[in-house]
Amino acid sequence: MADEMKESMMGVLENVIDPELGVDIVNLGLVYNAELLEGGIGKVTMTLTSIGCPMGPQIVANVKQELMELPEVKDVEVDIVWNPPWSRENMSRYAKMALGVR
């Protein structure tokens, strides 16, 4: 059940597009974990492409909005972490192709 919920959460998080890069945060490798905690709290552990990312607040708001669409999620907690730091190696093949990165 936990794996199915994580898959559902990651699926809706693919709707969150990084406005600067035009690719979703899952394929960019920004989401490290998504889980449903007791009481229906959706917890996402993620990073941003840089510490000073000006789109950070908008991305976090979009994460919350998308997860609240799932009936099991009653509230959302987003934990922004900087370790491990994000790098291009985190990106999926799709993201690399979309951005022209090798």
Verdict with reasoning, Leu70 to Met9, per side chain to side chain contact (heavy atoms under 4.5 Å, CB included)
CA-CA 8 Å; Leu70 296 172; Met9 293 173 75; 3.8 Å; yes

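- In this structure, Val78 and Val60 have side chains that are in contact, with non-hydrogen atoms separated by less than 4.5 Å.
- Within the 4.5 Å cutoff, side-chain heavy atoms of Met46 are placed close to those of Ile80.
- Not counting sequence neighbours, the partners of Ser92 by the side-chain contact (heavy atoms from CB on, under 4.5 Å) test are Asn27, Tyr94, Ala95.
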Applying side chain to side chain contact (heavy atoms under 4.5 Å, CB included) to Leu30 and Trp86, what does each step give before you reach the verdict?
CA-CA 7 Å; Leu30 297 177; Trp86 179 84; 3.4 Å; yes

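- For the side-chain contact (heavy atoms from CB on, under 4.5 Å) test with Val63, the passing option among Val12, Leu13, Val31, Asn15 is Leu13; the others fail.
- With contacts defined as side-chain heavy-atom distances shorter than 4.5 Å, the pair Asn83/Pro85 qualifies.
- Taking all atoms of both residues into account, the shortest heavy-atom contact from Trp82 to Thr47 is CE3-OG1, 3.6 Å.
- Contacts of Pro19 classified as side-chain contact (heavy atoms from CB on, under 4.5 Å), with partners at least two apart in sequence or in another chain: Met55, Gln58, Ile59.
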Side chain to side chain contact (heavy atoms under 4.5 Å, CB included), that's the test. Do Glu20 and Cys53 meet it? Break it down for me.
CA-CA 10 Å; Glu20 291 182 312; Cys53 178; 4.2 Å; yes

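- Checked by atom type and distance alone, the side chain of Thr45 never pairs as donor or acceptor with a backbone atom of Tyr32 at under 3.5 Å.
- Rounded to the nearest 0.5 angstrom, Thr49 OG1 and Arg88 CZ are separated by 11.0 Å.
- Residues meeting the side-chain contact (heavy atoms from CB on, under 4.5 Å) test with Lys96, sequence neighbours left out: Met91, Val101.
- Nearest heavy atoms, Met10 versus Ala34: SD-CB, 3.9 Å.
- When only modelled atom types and interatomic distance are considered, Asn33 and Lys6 share a side-chain donor-acceptor pair under 3.5 Å.
- Hydrophobic clustering keeps Ile41 apart from Val76 (ILVMFWY residues linked when any side-chain heavy atoms are closer than 4.5 Å, directly or through intermediates).
- In this structure, Met68 is a member of the same hydrophobic cluster as Val26, with clusters built from ILVMFWY side-chain heavy atoms closer than 4.5 Å.
- To the nearest 0.5 angstrom, Glu4 atom CD is 10.0 Å from Glu72 atom CD.
- Both Leu48 and Val81 belong to a common hydrophobic cluster when Ile, Leu, Val, Met, Phe, Trp and Tyr are linked at side-chain heavy-atom distances under 4.5 angstrom.
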Yes or no on side chain to side chain contact (heavy atoms under 4.5 Å, CB included) for Leu67 and Gln65, after CA distance, side-chain angles and deciding distance?
CA-CA 6 Å; Leu67 286 175; Gln65 178 182 348; over 6 Å; no

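- Looking at Leu21 and Leu28, their side chains come closer than 4.5 Å, going by heavy atoms from C-beta outward.
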